[in-house]
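Ligands are counted one by one from 1 in listed order, and the atoms in each one are counted from 1 as well. Predicted model only: the values in this text are computed from it and were never measured.
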Amino acid sequence: MARPTEAIIDRQALRDNLALVQTLAADGKTMPMVKANAYGHGAIEVSKALSDVAPAFGVACIEEALVLRDVGIKQPILLLEGTFSADEVSIAAENNFWLMVENDKQKNALLRSSLKQPINIWLGVDTGMHRLGFNSNSINKHYRDLSSSNNVANNIVLASHFSCADNIGNPHTRRQIDYFQQCLSTLDNSFGRKTDWSLANSAAVLAWPETHGSWQRPGYMIYGNSPFNEPQHQAAKLTPAMTFQSAVISIREIDAGESVGYTANWTAKRRSTIATITAGYGDGYPRQAPNGTPVLINGHRCPLVGRVSMDMITIDVTDLPAISIGDHAILWGPSLSVNDIAARCNTIGYELITQLSQRVPRRYIN
Ligand SMILES: Cc1ncc(COP(=O)(O)O)c(C=O)c1O
């Protein structure tokens, strides 16, 4: 008998969520983001589950891409941050990894390499996030330098990233789109061709149709979660792929006035039944979760009470009709949104799923 804490990952949910992207942005291609261990879901298994339907994958760095090649993933893999050192260029070329090029150092490393086969390039333009990418007024020059190199394959993709697309009313996204479109039409006019382009993350796939380009780059929505704080009609069609679950391992009655857990930060106002669940911050359940954070015990919402420990949490189950050791607990999943848990912890669901620790076995279904 093993510790009952695990994450169930529903492969069919991943495929359905990807199909939603493809329905919404039917003219382009969908590149699921599988960086950071596929947002905690397991990059190898997620990539395998999507390999029949995804034409390419996106990761942060070459180390993540090599893991996928080693297990036989055949698709091109885009390195979203490009290369960190010149020696990565030839490894990328040999492995059919695509490179984001977003600064002079990366560009020069690429141009100076002697490659046996050309590499597919995504040219990053900074449209207002001010994190990565070239300034738009230098894009024509970079495009020309790259497209005239034998190291670079045809069809350079112009790409940028949004900073606020999850905030539907935010005018910053409009400005980024306008800026990008200007840059794109300047390129098209200068080089007399239609340039491939990519803008859309999950929020843009769902709520900004004008950002749907040659390639979409959704991450969070592939895992079935909404990037928005408020309800959104397309996001409502997503199915969370991860269920983080555990079980009751101890039950006790305490008197009113008794406190629970480290720092004794919760005190019972009535005689209470406390159930201990074997999952804690060592598993990725956030330590900042306050008293009252919901946990589903046998399908009923019950409040967390007391501080989250490394390996356990404590739940007030006084109002449940019955409770036994071994009873089922869901920490987040399709019936308890990870976004709701995250909001109570002053973070975002992205962080919670990505930080699910290695100790939690992932069990793949469907
Ligand atoms: C460049 C880039 N594209 C796409 C994504 C996917 O974003 P999301 O998970 O919000 O869809 C990310 C995520 O951080 C990113 O950095």
Side-chain angles (χ1 to χ4, degrees), residues 13-14 17-18 20-22 24-25 28-41 43 46-47 50 54-62 64-65 76-83 97-103 106 121-134 157-168 170 172-173 176-177 180 196-209 211-229 232 234-235 237-238 240-242 338-339 342 347-356:
L14 299 169
N17 297 328
L18 190 140
L20 177 65
V21 181
Q22 205 49 60
L24 293 173
K29 293 183 191 161
T30 304
M31 176 188 285
M33 299 292 107
V34 294
K35 63 200 175 93
N37 200 24
Y39 293 48
H41 293 65
V46 168
S47 304
L50 297 178
F57 292 102
V59 298
C61 56
I62 201 162
E64 290 183 331
I77 303 173
L78 173 67
L79 313 188
L80 289 170
E81 292 173 28
T83 53
F97 298 157
W98 296 356
L99 295 181
M100 187 75 86
V101 176
E102 57 89 19
N103 63 37
Q106 290 179 335
I121 292 305
W122 287 37
L123 181 58
V125 54
D126 181 3
T127 54
M129 185 159 182
H130 301 325
R131 184 178 70 172
L132 295 178
F134 291 105
V157 177
L158 188 73
S160 194
H161 192 48
F162 290 120
S163 52
C164 309
D166 53 333
N167 184 348
I168 293 172
N170 194 319
H172 196 63
T173 305
Q176 284 193 266
I177 296 170
F180 187 85
D196 281 349
W197 56 282
S198 174
L199 267 181
N201 57 359
S202 296
V205 167
L206 291 162
W208 300 85
T211 67
H212 298 170
S214 327
W215 286 94
Q216 312 346 308
R217 308 187 310 270
Y220 199 48
M221 71 176 288
I222 295 291
Y223 306 101
N225 303 305
S226 168
F228 307 112
N229 286 329
Q232 201 267 351
Q234 299 297 358
K237 299 175 185 165
L238 296 167
M242 178 190 288
V338 70
N339 287 347
T347 185
I348 51 175
Y350 288 71
E351 186 180 14
L352 297 193
I353 57 176
T354 305
Q355 290 192 352
L356 195 78

(request) Check Asp196 against Ser214 and note the closest heavy-atom contact, atom names and distance. (result)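 For Asp196 and Ser214, the tightest heavy-atom pair comes out as CA-OG, 3.3 Å.
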(request) Would you please name every residue forming a ring-ring contact (aromatic ring centres under 6.0 Å, His included) with His161, sequence neighbours left out? (result)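 With neighbours one apart ignored, the set is empty.
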(request) May I ask you to check whether over 12 heavy atoms, not counting those of Asn170, lie within 6.0 Å of atom CG? (result)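 For Asn170, atom CG is crowded (more than 12 foreign heavy atoms under 6.0 Å).
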Sub-3.5 Å pairs, protein N or O with ligand 1 N or O:
unit_1   : atom_1 : unit_2 : atom_2 : d
ligand 1 : 3 (N)  : Arg217 : NE     : 2.9
ligand 1 : 3 (N)  : Arg217 : NH2    : 3.3
ligand 1 : 9 (O)  : Tyr39  : OH     : 2.6
ligand 1 : 9 (O)  : Tyr220 : N      : 2.8
ligand 1 : 10 (O) : Tyr350 : OH     : 2.6
ligand 1 : 11 (O) : Ser202 : N      : 2.8
ligand 1 : 11 (O) : Ser202 : OG     : 2.5
ligand 1 : 11 (O) : Gly219 : N      : 2.8
ligand 1 : 14 (O) : Lys35  : NZ     : 2.7

(request) Examine Phe180 together with Trp197 and report whether their ring centres are nearer than 6.0 Å. (result)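 Yes, they do, as the ring centres are separated by less than 6.0 Å.
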(request) Name all residues meeting the side-chain contact (heavy atoms from CB on, under 4.5 Å) criterion together with Leu132; count only those two or more places apart in sequence or in a different chain, and write none if there are none. (result)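 Partners of Leu132 by the side-chain contact (heavy atoms from CB on, under 4.5 Å) criterion, ordered by chain and then number, come out as Glu81, Glu102.
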(message) If the condition is side-chain contact (heavy atoms from CB on, under 4.5 Å), which residues does Asn17 pass it with, not counting sequence neighbours?
(response)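 Checked Asn17 against side-chain contact (heavy atoms from CB on, under 4.5 Å); matches are Ala13, Leu238, Thr239.
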